[in-house]
A.B. asks: 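After the structure tokens below, expect a handful of questions from me.
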Amino acid sequence: MSAWEDLHSDCMNCKKCALWETRRNVVFGSGNPKAEVMFIGEGPGEQEDKTGQAFVGRAGQLLDDMLSLIGLDRSNIYIANIVKCRTPGNRDPLNSEQEACSAWLRRQIELINPKIIVCLGRISAKYLIKEDFKITQEHGQWFDVGGRRCMAIYHPAALLRDPRRRPETFVDLKKLQHAIMESCNNTYQGQ
Ligand code: URA
């Protein structure tokens, strides 16, 4: 078995925090594990818990539309979450749950080795970029995270709640597209 398959099967059996008791499925991630661009959300919602796939609910449909605006789709990116199991009632994941889950994401990042990471929303940006990240002020800015270019954009669920944020997100996505053209070799060329 490959390292990726090993990681996947270990993660599917995870009981490192109490969320395993209420989950229907572990949501490991979706897309191309050889991608140069990785998107990281917060954690699965109801549809994701039901299907085991990342970002398949309403927010996921909007994410697909956002990706297609800049020529991306799930065949040339990878999407994972900080927390792999649904929280009861979709509450924010506790710090202890994020910590318990962190080794899975760390290893996913290590194996995928993306050139660019895009944090979807505040929770992901706080976790990956810095604890005091302010999404309203710092979305669309580039940060260095362990030698990778990292940007946060508004979470698609936030854009569904507040469509006035969409024009700013479009600007952020164009910045992302530019960075991909600058530093990724395969994303727009087919892999
Ligand atoms: N929201 C997230 O942050 N992740 C998902 O997989 C779905 C919705």
Side-chain angles (χ1 to χ4, degrees), residues 4 7-8 11-12 14 16-17 19-20 22-33 35 37-69 72-109 112 114 116-131 133-136 138-140 145 150-163 165-166 169 172-173 176:
W4 183 258
L7 180 69
H8 179 263
C11 183
M12 297 313 273
C14 182
K16 289 190 198 180
C17 79
L19 294 178
W20 76 271
T22 47
R23 75 182 176 217
R24 279 189 271 187
N25 282 294
V26 175
V27 180
F28 182 69
S30 312
N32 184 344
V37 187
M38 188 169 177
F39 286 73
I40 301 178
E42 179 181 323
E46 189 182 5
Q47 290 308 312
E48 291 78 19
D49 180 51
K50 231 185 234 176
T51 59
Q53 296 301 314
F55 279 96
V56 289
R58 278 185 71 217
Q61 285 163 22
L62 179 56
L63 178 61
D64 285 335
D65 292 344
M66 291 158 64
L67 295 174
S68 79
L69 282 174
L72 300 177
D73 59 42
R74 293 181 188 227
S75 71
N76 53 18
I77 62 153
Y78 195 83
I79 312 177
N81 285 303
I82 305 277
V83 167
K84 311 297 189 207
C85 298
R86 187 183 183 213
T87 57
N90 286 350
R91 62 162 168 73
D92 286 352
L94 305 173
N95 284 341
S96 59
E97 290 159 350
Q98 295 184 34
E99 264 157 43
C101 215
S102 65
W104 302 122
L105 180 63
R106 220 177 310 124
R107 185 82 176 126
Q108 282 177 308
I109 295 174
I112 294 173
I116 296 178
I117 294 179
V118 181
C119 296
L120 295 168
R122 182 181 59 94
I123 302 267
S124 169
K126 274 177 170 287
Y127 182 81
L128 281 148
I129 301 176
K130 53 178 179 164
E131 174 51 38
F133 192 90
K134 299 271 178 299
I135 191 80
T136 50
E138 295 176 296
H139 68 85
V145 173
C150 186
M151 171 199 280
I153 62 174
Y154 282 109
H155 193 290
L159 298 173
L160 287 170
R161 283 193 301 271
D162 187 359
R165 305 271 188 217
R166 289 186 189 203
T169 303
D172 297 347
L173 288 169
L176 169 62

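We count ligands from 1, going down the list as the structure has it; atoms in each ligand are counted the same way.
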A.B. asks: Could you tell me whether Glu48 and ligand 1 have an N or O pair separated by under 3.5 Å?
C.D. replies: no
A.B. asks: Any non-hydrogen side-chain atom of Arg74 less than 4.5 Å from a side-chain atom of Gln53?
C.D. replies: no
A.B. asks: Find the distance between CD (Glu42) and CG (Asp92) and round it off to the nearest 0.5 Å.
C.D. replies: 5.5 Å
A.B. asks: Out of Gly43, Gly41, Ala54, who is nearest to atom 2 (C) of ligand 1 when you count heavy atoms only?
C.D. replies: Gly43
A.B. asks: Could you establish whether Asn81 and ligand 1 come within less than 4.0 Å of each other, counting only heavy atoms on the residue side?
C.D. replies: yes
A.B. asks: Please report the closest heavy-atom contact between Asn81 and Ile40, naming both atoms and the distance.
C.D. replies: C-CG2, 4.3 Å
A.B. asks: Around atom 1 (N) of ligand 1, find the nearest protein heavy atom and jot down its residue, atom name and distance.
C.D. replies: His155 NE2, 3.3 Å
A.B. asks: Classify the ring geometry of Phe28 against Trp4: parallel below 30°, tilted from 30° to 60°, perpendicular beyond 60°.
C.D. replies: perpendicular
A.B. asks: For the 3.5 Å polar cut-off, considering only N or O atoms, please tell me whether Phe55 and ligand 1 meet it.
C.D. replies: yes
A.B. asks: Identify the heavy atoms of Asp49 and Asn25 that sit nearest to each other, and give their distance.
C.D. replies: O-ND2, 2.9 Å
